[in-house]
Amino acid sequence: MAILTENEKALDEKLVESKNKLNKRRSNFVI
Amino acid sequence: MHEETNPIEKFNLMTKSGALLSKTTERSSNTSVSDLSETSKEYLLVELRTKVLEVDLFQAIEQDAIIIFELKLLLHKLNTPSFGSKFQDFSQEMKTLMDNIVLSFQQKGAEQSKFEDQKKLHDQLTVEVTTFQQSITTFRQEIPYAKQKMEEIDSAIARHKEEIKTLRLQRTNVLERECTMQQEAKLAI
């Protein structure tokens with residue numbers, strides 16, 4: 001859907017932030 | 001995003017019962033990680049590498065939310081002193097990050113659902129407003145004809161009133177004439 005509510009935008013930003021943190025933590029970890 | 005693979009719907013279904021955020025510990029079964037053999041530990045590390053470290057974890061969760069169970073169970077097994085603090089810290093942080101993602105997906109699902117409801121209501125009201133506007137247009141178009149019709153009717157009423165008045169007058173004249181004729185007849189007798 002093209003129209004996003006402000007809350008959805010905020011949640012999308014939060015998801016992107018979580019995704020970046022997850023990927024960063026994952027890629028920095030060495031067994 | 002296809003309906004059958006929509007992660008938000010899956011998250012909603014699973015998180016309604018609190019399954020994704022709280023069941024990991026319970027699902028760790030009776031196995032004590034400290035009792036794991038070296039082979040089992042090696043196997044867990046291979047799992048960690050192939051399921052967590054070498055994949056796009058976010059995308060994997062987005063595509064199939066059910067893997068959260070498996071991943072959290074794996075991280076739980078790694079969160080023991082026998083693997084060392086490095087693994088423990090990593091497991092705890094990853095679990096927290098995954099919980100945050102689950103929560104955001106759940107909130108987004110609720111938000112989308114709310115938005116869909118509002119959109120449905122908006123569409124319904126738009127249809128009602130359009131119908132009402134069409135009624136107003138029709139009404140405005142009909143007003144001049146209605147006025148003309150009313151004038152015609154008023155004119156007809158006035159005409160009929162005039163005819164009634166004339167007929168009543170004629171009736172009165174007839175009665176008077178009849179009365180006069182009767183009196184003249186009596187006198188003649």
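This structure is a prediction, so every number in the text was calculated from the model and none was measured. Chain naming here is simple, since letters A, B, ... match the order of the sequence lines and numbering starts at 1 in each.
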task: Measure across A/Arg25 and B/Asp89 and return the closest heavy-atom pair with its distance rounded to 0.1 Å.
output: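 The answer is NH2-C, 4.2 Å.
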
So, taking the atom named [atom1] in [X] and the one named [atom2] in [Y], what distance separates them when rounded to the nearest 0.5 Å?
| X | Y | atom1 | atom2 | result |
| --- | --- | --- | --- | --- |
| A/Ser18 | B/Asp99 | OG | CG | 11.0 Å |
| B/Glu111 | A/Glu6 | CD | CD | 10.5 Å |
| B/Leu48 | A/Ile31 | CG | CD1 | 4.5 Å |
| A/Leu22 | B/Glu93 | CG | CD | 11.0 Å |

statement: Under 4.5 Å to a heavy atom of chain A? For B/Gln59 that would be neither

message: For B/Asn100 and A/Lys21: C-alpha separation, side-chain torsions, deciding distance, then whether side-chain contact (heavy atoms from CB on, under 4.5 Å) applies.
response: CA-CA 11 Å; B/Asn100 288 342; A/Lys21 279 183 186 172; over 6 Å; no

Considering only heavy atoms from C-beta outward, does the side chain of [X] approach that of [Y] to under 4.5 Å?
| X | Y | answer |
| --- | --- | --- |
| B/Gln107 | A/Lys14 | yes |
| A/Leu11 | B/Phe105 | no |
| A/Arg26 | B/Leu97 | no |

message: Walk me through whether B/Ile101 and A/Lys19 qualify under side-chain contact (heavy atoms from CB on, under 4.5 Å).
response: CA-CA 8 Å; B/Ile101 289 171; A/Lys19 178 186 175 179; 5.6 Å; no

- prompt: Under 4.5 Å between side-chain heavy atoms, hopping through other hydrophobics if needed: is there a path connecting B/Val55 to B/Ile61?
  reply: yes

task: Verify the cluster assignment for B/Val102 and A/Val16: are they in a single hydrophobic cluster under the rule of side-chain heavy atoms below 4.5 Å apart?
output: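 Cluster IDs for B/Val102 and A/Val16 differ.
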
field: Residue among A/Asn23, A/Leu15, A/Asn28 with most heavy-atom pairs under 4.5 Å to chain B
entry: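 Looking at each option in turn, the highest pair count goes to A/Leu15.
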
- prompt: Checking B/Lys86 against A/Phe29: charged group under 6.0 Å from the ring centre and within 45 degrees of the axis?
  reply: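 Relative to the ring axis of A/Phe29, which defines the angle, B/Lys86 lies inside both limits.
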
